[in-house]
Chemist: 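Okay, here's the structure, questions in a sec.
Both counts, for ligands and for their atoms, begin at 1 and track the order of listing.
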Amino acid sequence: MSWFPERQQRTWLHKLCAGILKTGPVPKHVAFIMDGNRRFAVKQSIDRAEGHLKGFDKLAETLDWCLDLGICEVTVYAFSIENFKRSKEEVQCLMEIARQKFARLMQEKEMIEKHGVCVRVLGNLSLLPLDVQQLIADVVNYSKHNDKAILNVCFAYTAQDDMSNAMKELALGVKAGDIRDSDISETLLEQCLYTSHSRPVDLLIRTSGEVRLSDFLLWESAYSCLVFVKVLWPEFSVWHLYGTILLYQRNHAQIQVARQNSDIERERLQRESDHKLVLEELAQTGPEHKVPGDSITLQEGVQKYADARRQRTDSFLESLNARRNEFLERLQPVQA
Ligand code: FPP
Ligand code: MG
């Protein structure tokens with residue numbers, strides 16, 4: 001199946017419900033743990049591979065429902081690093097689906113352009129077979145300038161792996177003298193994660209009745225509305241999606257307040273840290289180093305320090321992003 005299946009005729013009830021939902025706050029970023037493909041295969045007496053393919057078809061259909069509602073960013077858990085522990089046959093089967101589907105996406109360039117979709121693949125790509133890495137690089141490089149809709153495919157991903165890689169990058173940055181250890185903050189660590197270019201995750205949905213996050217978006221879901229639905233992923237319907245959005249809308253105000261409070265607290269902590277560091281610096285240099293008449297206030301000193309810190313962290317992040325982009329650019333092109 002295509003990534004852009006022929007749109008089914010919407011019933012009047014369907015249109016009415018979508019219209020009503022759109023009068024309320026619609027989540028901008030929705031994440032899915034697409035769980036239950038193998039149980040679906042057992043239930044339907046079909047091959048496991050067929051179950052995963054049905055899972056892909058459901059993903060394509062769900063992306064269309066999301067576009068229709070005005071959800072502009074979707075993140076899906078397509079392959080966890082933990083999934084490498086599955087049987088060799090199943091891992092090969094999932095890699096084969098990835099090969100086919102990423103190659104197919106490159107054949108659907110017109111649709112990518114029509115919808116302005118930017119596809120990002122988030123994860124430790126070096127764990128994947130080289131040809132899969134190259135196919136991914138093709139799609140990501142091709143679509144990176146689009147910004148109407150964003151699809152993040154988490155592939156060879158776990159949140160703990162992402163966070164520990166981010167920490168390694170920070171440690172290397174400190175060691176190289178690009179940043180100071182005192183520059184490390186929640187905000188800076190967050191900017192080193194694979195999702196650093198994404199909006200906050202508003203709604204996270206897991207199908208199949210399991211009520212765990214299974215190492216998916218652990219950092220990003222701190223202030224998300226979490227919804228666990230009992231249905232297996234290939235059975236997920238537009239009505240399940242609408243139900244989760246309704247739940248999001250009922251909890252929207254509290255979520256916004258919690259998120260705003262967290263942002264305010266982060267800013268306060270940063271200001272406090274800058275202030276403390278400037279006082280420490282002044283204490284070290286001592287009054288004898290002060291030029292007479294040089295009367296910059298403590299407030300100005302803190303401002304100067306914050307500007308220099310921002311400059312350090314911005315150039316550190318710029319070079320981190322450049323290295324990540326170069327990794328993908330070097331992987332192209334795929335041999336026909
Ligand atoms: C979880 O169900 C599903 C997966 C591990 C694979 C999901 C992959 C797809 C839907 C295909 C997407 C492909 C691309 C390239 C985007 P499960 O296998 O854990 O099933 P179970 O919970 O019933 O055991
Ligand atoms: Mg599962």
Chemist: Using heavy-atom distances only, which candidate in Ala78, Gly55, Gly36 approaches atom 6 (C) of ligand 1 most closely?
Modeler: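 Among Ala78, Gly55, Gly36, the closest heavy atom to atom 6 (C) of ligand 1 belongs to Ala78.
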Chemist: Ser221 vs Leu213, test: side-chain contact (heavy atoms from CB on, under 4.5 Å). Steps then yes/no.
Modeler: CA-CA 9 Å; Ser221 60; Leu213 288 180; 3.8 Å; yes
Chemist: Here's one to test your reading of the geometry: is the NZ or CZ of Lys109 within 45 degrees of the ring axis of Tyr142 and under 6.0 Å from its centre?
Modeler: yes
Chemist: With a heavy-atom distance limit of 4.0 Å, tell me whether Leu59 approaches ligand 1 through its side chain, its backbone, both, or neither.
Modeler: side chain
Chemist: Within a 6.0 Å radius of atom CZ on Arg250, are there more than 12 heavy atoms belonging to other residues, nucleotides or ligands?
Modeler: no
Chemist: Among all protein heavy atoms, pick the one closest to atom 23 (O) of ligand 1 and tell me residue, atom and distance.
Modeler: Arg39 N, 2.7 Å
Chemist: Salt bridge (Lys or Arg N to Asp or Glu O under 4.0 Å) between Glu108 and Arg104: does it pass, once the steps are laid out?
Modeler: CA-CA 7 Å; Glu108 303 194 300; Arg104 173 82 194 232; 3.5 Å; yes
Chemist: Name the one of Tyr194, Tyr77, Phe79 that satisfies ring pair (Phe, Tyr, Trp, His ring centres under 6.0 Å) with Phe155?
Modeler: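 Between Phe155 and the candidates, ring pair (Phe, Tyr, Trp, His ring centres under 6.0 Å) is satisfied uniquely by Phe79.
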Chemist: List the closest protein heavy-atom neighbour of atom 13 (C) of ligand 1: residue, atom name, distance to the nearest 0.1 Å.
Modeler: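 It is Phe56 CD1, 4.1 Å.
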Chemist: Using a 4.0 Å heavy-atom cut-off, say whether Arg86 meets ligand 1 through its side chain, its backbone, both or neither.
Modeler: side chain
Chemist: By number and element, which atoms of ligand 1 are closer than 4.0 Å to a non-hydrogen atom of Asp35?
Modeler: 1 (C), 2 (O), 17 (P), 19 (O), 20 (O), 21 (P), 22 (O)
Chemist: Given salt bridge (Lys or Arg N to Asp or Glu O under 4.0 Å), test Lys28 with Asp202 step by step and report yes or no.
Modeler: CA-CA 7 Å; Lys28 291 192 175 72; Asp202 299 309; over 6 Å; no
Chemist: For a quick check under 3.5 Å, do Glu169 and Asn165 share a side-chain donor-acceptor pair by atom type?
Modeler: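 Note: Glu169 and Asn165 side chains miss the donor-acceptor criterion.
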Chemist: With no hydrogens and no angle check, just 3.5 Å: does a side-chain donor-acceptor pair link Asn141 and Glu329?
Modeler: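 Per modelled atom types, Asn141 and Glu329 side chains form no pair under 3.5 Å.
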Chemist: Using distance alone, determine whether Trp3 and ligand 1 share an N or O pair under 3.5 Å.
Modeler: no
Chemist: Can you confirm whether more than 12 heavy atoms, excluding those of Lys101, are under 6.0 Å from its NZ atom?
Modeler: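 For Lys101, atom NZ is crowded (more than 12 foreign heavy atoms under 6.0 Å).
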Chemist: Please check if the distance between the ring centroids of Phe4 and His115 is under 6.0 Å.
Modeler: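 Yes, they do, as the ring centres are separated by less than 6.0 Å.
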Chemist: Hey, which protein N/O/S atoms does the Mg ion (ligand 2) have under 2.8 Å?
Modeler: Asp35 OD1
Chemist: Say whether Glu90 and His52, considering side chains only, have a donor N or O and an acceptor N or O under 3.5 Å apart.
Modeler: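 Short answer, yes.
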Chemist: What protein heavy atom sits nearest atom 24 (O) of ligand 1, and how far away is it?
Modeler: Arg38 NE, 2.8 Å
Chemist: Any nitrogen or oxygen of Lys101, main chain or side chain, under 3.5 Å from a nitrogen or oxygen of ligand 1?
Modeler: no
Chemist: Provide, to 0.1 Å, the distance between atom 1 (C) of ligand 1 and the closest protein heavy atom, together with that atom's residue and name.
Modeler: Met34 O, 3.2 Å
Chemist: Judging by distance only, is a nitrogen or oxygen of Asn83 under 3.5 angstrom from one on ligand 1?
Modeler: no
